[in-house]
Amino acid sequence: RVASTAFWLNVGIAIAFGILLALAAAVVSEAGHGQFGAVLLSLCMIFLLDALSAAPEALLRHELRFQAPAFRQIASNLVGGAAAVAAVWSGAGLWAIVIQRYTAAAAQAAIVYAATHWHPMMIFSRAEIRPALQFSLNLTGANFLGQFNLRVVDVIVGIVAGPAALAIYQIAGRGLNLV
């Protein structure tokens, strides 16, 4: 009951953040950065894809089964990086980042679900909403600030050096994440 409620709450929050990103993409496009706005718009669904694997991963961590989350991180970085490199070689340019992100997120979800064999039920317990929402909002806020801190550099590289340099920078950063 708790896990399913947390799952559906995460899905709702992910949809809200996807809508916010879509609005930000529209603003960026209107400001004259059409390609960057299009990339942002294409990434709107990534929040939802990441939310789908949050509850099963939390269950693995709760059960102290850290091998699957560690494998998930390494494998998804390798798969996503390989997809991005292939996309760059095929001429995808800036879209290689989008391909990398979706490929890695799909791999993460597949690995976590295979490790847990857990599936959400159609249960949304009102008694579990408040504690789950308080915890989720605090964690979401902290993660958002952390990601914002990491992505400020990406925005600067994209604006100063252009989309091709940003793609190279992103791919090079994946090697550091792997280590």
Side-chain angles (χ1 to χ4, degrees), residues 6-55 57-58 72-73 75-112 132-179:
F7 173 85
W8 294 114
L9 191 57
N10 280 336
V11 167
I13 290 170
I15 290 170
F17 274 108
I19 291 169
L20 287 175
L21 187 59
L23 294 173
V27 169
V28 167
S29 292
E30 287 297 317
H33 302 285
Q35 186 179 16
F36 184 56
V39 168
L40 285 178
L41 185 61
S42 70
L43 288 171
C44 287
M45 296 301 294
I46 203 67
F47 291 109
L48 182 59
L49 192 52
D50 285 342
L52 295 176
S53 62
E57 182 172 347
R72 173 194 71 92
Q73 189 66 39
S76 65
N77 279 340
L78 287 173
V79 170
V85 169
V88 167
W89 281 341
S90 68
L94 179 62
W95 293 98
I97 297 169
V98 176
I99 292 166
Q100 181 277 329
R101 187 65 184 96
Y102 275 105
T103 304
Q108 288 175 356
I111 291 167
V112 166
L133 189 58
Q134 287 174 339
F135 179 77
S136 293
L137 288 178
N138 288 336
L139 189 58
T140 299
N143 284 337
F144 178 76
L145 290 175
Q147 286 297 317
F148 178 78
N149 186 41
L150 291 173
R151 299 299 173 220
V152 165
V153 175
D154 296 345
V155 171
I156 293 169
V157 169
I159 290 171
V160 172
L166 179 59
I168 293 168
Y169 175 78
Q170 282 288 319
I171 292 169
R174 296 297 171 209
L176 291 175
N177 286 342
L178 182 61
V179 172

| task | Please step through side-chain contact (heavy atoms from CB on, under 4.5 Å) for the pair L52 and F7, ending with a clear verdict. | result | CA-CA 7 Å; L52 295 176; F7 173 85; 3.6 Å; yes

| request: With sequence neighbours excluded, tell me which residues meet side-chain contact (heavy atoms from CB on, under 4.5 Å) with L9. | output: I13, F124, A132, L133, S136

| query | Stepwise, does the side-chain contact (heavy atoms from CB on, under 4.5 Å) test hold for I15 with F47? | reply | CA-CA 7 Å; I15 290 170; F47 291 109; over 6 Å; no

| field | Minimum-distance pair of heavy atoms, taken over all atoms of A161 and A165 | value | CB-CB, 3.4 Å

| Gap separating the CZ atom of F144 from the CG atom of L20, nearest 0.5 angstrom | 8.5 Å

| remark: Minimal heavy-atom distance between S29 and A38, with the atoms involved, is OG-N, 4.1 Å

| Nearest 0.5 Å, what's the CG-CD1 distance between L43 and I97? | 8.5 Å

| query | Looking at E57 and V112, what are the two nearest heavy atoms and their distance? | reply | N-CG1, 3.4 Å

| said: Looking at every non-hydrogen atom in both residues, tell me the closest pair between V28 and L40 and how far apart they are. | reply: CG2-CD1, 3.9 Å

| Side-chain donor or acceptor of N149 paired with backbone N/O of L145 under 3.5 Å | no

| Roughly how far, to the nearest 0.5 Å, is the CG atom of L94 from the CD1 atom of I99? | 10.0 Å

| To the nearest 0.5 Å, how far apart are OG1 in T103 and CG in L78? | 13.0 Å

| Pairs in or reaching into residues 31-50: which pass side-chain hydrogen bond (donor to acceptor under 3.5 Å, both in side chains), with residues at least two apart or in two chains? | D50-R101

| field | Heavy-atom closest pair, residues A167 and G93 | value | CB-O, 4.0 Å

| task | Could you please spell out the steps behind the side-chain contact (heavy atoms from CB on, under 4.5 Å) verdict for V153 and Y169? | result | CA-CA 10 Å; V153 175; Y169 175 78; 3.1 Å; yes

| remark: One should read off an interatomic distance between Q100 CD and Q170 CD, to the nearest 0.5 angstrom, of 7.0 Å

| remark: For Y102 and I46, the nearest pair of non-hydrogen atoms, with its separation, is OH-N, 3.5 Å

| request: In sequence, state the C-alpha distance, the side-chain angles, and the governing distance for N77 and Q73, and then conclude on side-chain contact (heavy atoms from CB on, under 4.5 Å). | output: CA-CA 6 Å; N77 279 340; Q73 189 66 39; 3.4 Å; yes

| query | To the nearest 0.5 Å, what is the distance between CG (N10) and CG (L48)? | reply | 10.5 Å

